[in-house]
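What follows is a single structure, written as structure tokens, with notes after it.
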Amino acid sequence: MNSVVNLSIAGKSSVGDIAFIDLKAQQKRIRPAIEKRLQNVLDHGRYIAGPEITELEEKLAERTGAATVTACASGTAALIIPLLARGIGPGDAVFAPAFTYNATANAILLVGATPVFVDIDPNTFNMSPADLEHRIAAVRAEGKLQPRAVIPVDLFGSPADYPAISAIAEREGLFMLSDGAQGFGGELDGKEVGALAPATATSFFPGKALGAYGDAGAIFSCNALDKERWASIRWHGTDEARKESVRVGFNGRMDSFQAAVLLEKLAIFDDERAARRRVAAEYDARLSGVAKPQTHIAGAQSGCAYYSLRVANRDQVVAKLKARGVPTAIYYATPLHLMPAFSDYAPASGLPHTEQAAAEIFALPMHPYLTPDQVDYICEAVIEAASGTAS
Ligand SMILES: *Cc1c(COP(=O)(O)O)cnc(C)c1O
């Protein structure tokens, strides 16, 4: 599957239709509040840079502990803006995993830099700090590219190894930009994703843990000084009066309607996150005997945007689940270094852990509105399918 997430997959089962992600149940819960917010935007008419943008930025900063938040057009814009602001471009190496969505690599290439793919840890499915060190050393030894930045990804909502990667970034003089597009809601030692790296990009694509009704994203900073430059880049690189271009920028803004929707969804986010975590805990407890669920680094709690696990006979398991009305998805069947757009950057010896994970991974339904009966049904179906006893 190529889209970020397919919002319409669902299966029929004896416990009712199981949605892979259920945005309808969520909308039902908060629809009057969302309608009121949207009506406000229609009334004030500030479709761009309305008061909802500032309100959302303030609430996101308050919630995550980030020094500033810059709302923007998408997760992709949220990755590109900080790279542009740092002057990262041609001749620069940017280290990133290949086991991620294509936007991570697109952002690097769109600013003119070169992606250097790093293998994953087979248990957390996130960037391996040991392999990162190895790849930085190799780039330095080759002497063609200047190591400038590292982009770890919080895959499926599980915080990347921030402590180890920050230490490497500091020692090597690299800018650390976290791709937290799936990471919003993740925590490490009680701190929220957004406050764990100098810069964190997130996406509010509808299927993410916190999703808009269209495209949107945000950049979190631990340094109050970043916002001025980021806000300029998202508005065509203009000065504060928006008269002259003082740097190169583009239209990277979030619109007021999306901020209006996000404000109401943010209000129920903690409750939804708790519900997601209950589902994940049940999956973990019941499925670790037949499959390998994603594990998290010490002190981390996933935001549980998605729930993925590994089995050796993945394709058969997925087919059996489909027959029983359990929808699944595969993130990611093809790692980026094996895709035509990025194959020029494939490491000579491949990325063994990444390739193995891509062959074994699949995702189960994950959303806050799964009923206990549905979770039970899904667990039983996975146990049967993975142990080869399904009828
Ligand atoms: C979704 C996603 C993005 C891109 O976000 P958009 O809002 O679709 O631009 C980037 N990185 C990762 C890891 C993602 O999952």
Side-chain angles (χ1 to χ4, degrees), residues 1-7 20-21 23 56 60 69-84 94-111 115 117-118 120 124-127 149-160 165 177-186 193-194 197 199-220 234 250-255 258-259 261-262 265 294 302-308 329-337 339 341-342 354 357-358 361 363 366:
M1 202 178 75
N2 289 322
S3 61
V4 185
V5 90
N6 185 337
L7 300 174
F20 186 72
I21 290 179
L23 295 179
L56 179 67
L60 287 171
V69 175
T70 308
C72 56
S74 65
T76 309
L79 287 167
I80 290 174
I81 291 169
L83 293 174
L84 283 177
V94 179
F95 300 86
F99 199 49
T100 176
Y101 188 56
N102 55 26
T104 315
N106 277 332
I108 298 167
L109 286 160
L110 283 168
V111 301
F117 292 120
V118 179
I120 55 163
T124 65
F125 314 158
N126 277 327
M127 179 186 276
V150 56
I151 309 186
V153 176
D154 301 324
L155 203 67
F156 311 134
S158 182
I165 295 169
L177 165 63
S178 165
D179 181 345
Q182 302 174 15
F184 187 80
V193 163
T200 303
T202 202
S203 165
F204 302 125
F205 177 84
K208 310 282 185 184
L210 177 63
Y213 285 161
D215 282 309
I219 329 162
F220 302 81
R234 86 174 157 185
F250 63 106
N251 176 358
R253 296 177 298 246
M254 182 192 291
D255 66 73
Q258 298 309 332
V261 171
L262 286 165
K265 292 214 193 183
Q294 182 179 31
S302 179
C304 300
Y306 309 102
Y307 187 92
S308 284
I330 297 175
Y331 315 120
Y332 294 92
T334 310
L336 301 187
H337 66 295
M339 291 186 178
F342 312 117
T354 298
I361 200 113
M366 172 49 79

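Note that the coordinates shown come from a computational prediction; the quantities given were computed from them, not determined experimentally. Counting starts at 1 for both ligands and their atoms, in listed order. Residue numbers start at 1 and run along the sequence shown.
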>> Within the 4.0 Å heavy-atom shell around A103, which atoms of ligand 1 are there?
In response: 3 (C), 4 (C), 10 (C)
>> I'd like the name of whichever of G75, A212, A181, G211 reaches closest to atom 12 (C) of ligand 1 through any heavy atom.
In response: A181
>> So T202 and K208, do their side chains get closer than 4.5 Å, heavy atoms only?
In response: no
>> With heavy-atom distances below 4.0 Å as the criterion, list the atoms of ligand 1 near T76.
In response: 4 (C), 5 (O), 6 (P), 9 (O)
> Judged by atom type as modelled, is there a donor-acceptor pair below 3.5 Å linking the side chain of Q294 to the main-chain atoms of L155?
Replying inline: yes
> For ligand 1, which atoms, with element, lie under 4.0 Å from some heavy atom of S74?
Replying inline: 7 (O), 9 (O)
>> For ligand 1, which is the ligand I care about here, please tell me if D215 has any N or O atom under 3.5 Å from one of the ligand's N or O atoms.
In response: no
> Any idea which heavy atoms bring D154 and G180 closest together, and the distance?
Replying inline: OD2-CA, 3.5 Å
> Where is the tightest heavy-atom contact between Q182 and Y332, given as atom of each residue plus distance?
Replying inline: NE2-OH, 2.9 Å
> With side chains defined as the heavy atoms from C-beta onward, is the minimum distance between P97 and N126 less than 4.5 Å?
Replying inline: no
> Can you list the atoms of ligand 1 that are under 4.0 Å from a heavy atom of T100?
Replying inline: 13 (C)
>> So if I count the atoms of ligand 1 from 1 in the order they appear, which ones are less than 4.0 Å from some heavy atom of Y101?
In response: 2 (C), 3 (C), 12 (C), 14 (C), 15 (O)
> Which atoms of ligand 1 sit under 4.0 Å from any heavy atom of S203?
Replying inline: 5 (O), 6 (P), 7 (O)
> Is the closest side-chain heavy-atom distance between I81 and F250 below 4.5 Å?
Replying inline: yes
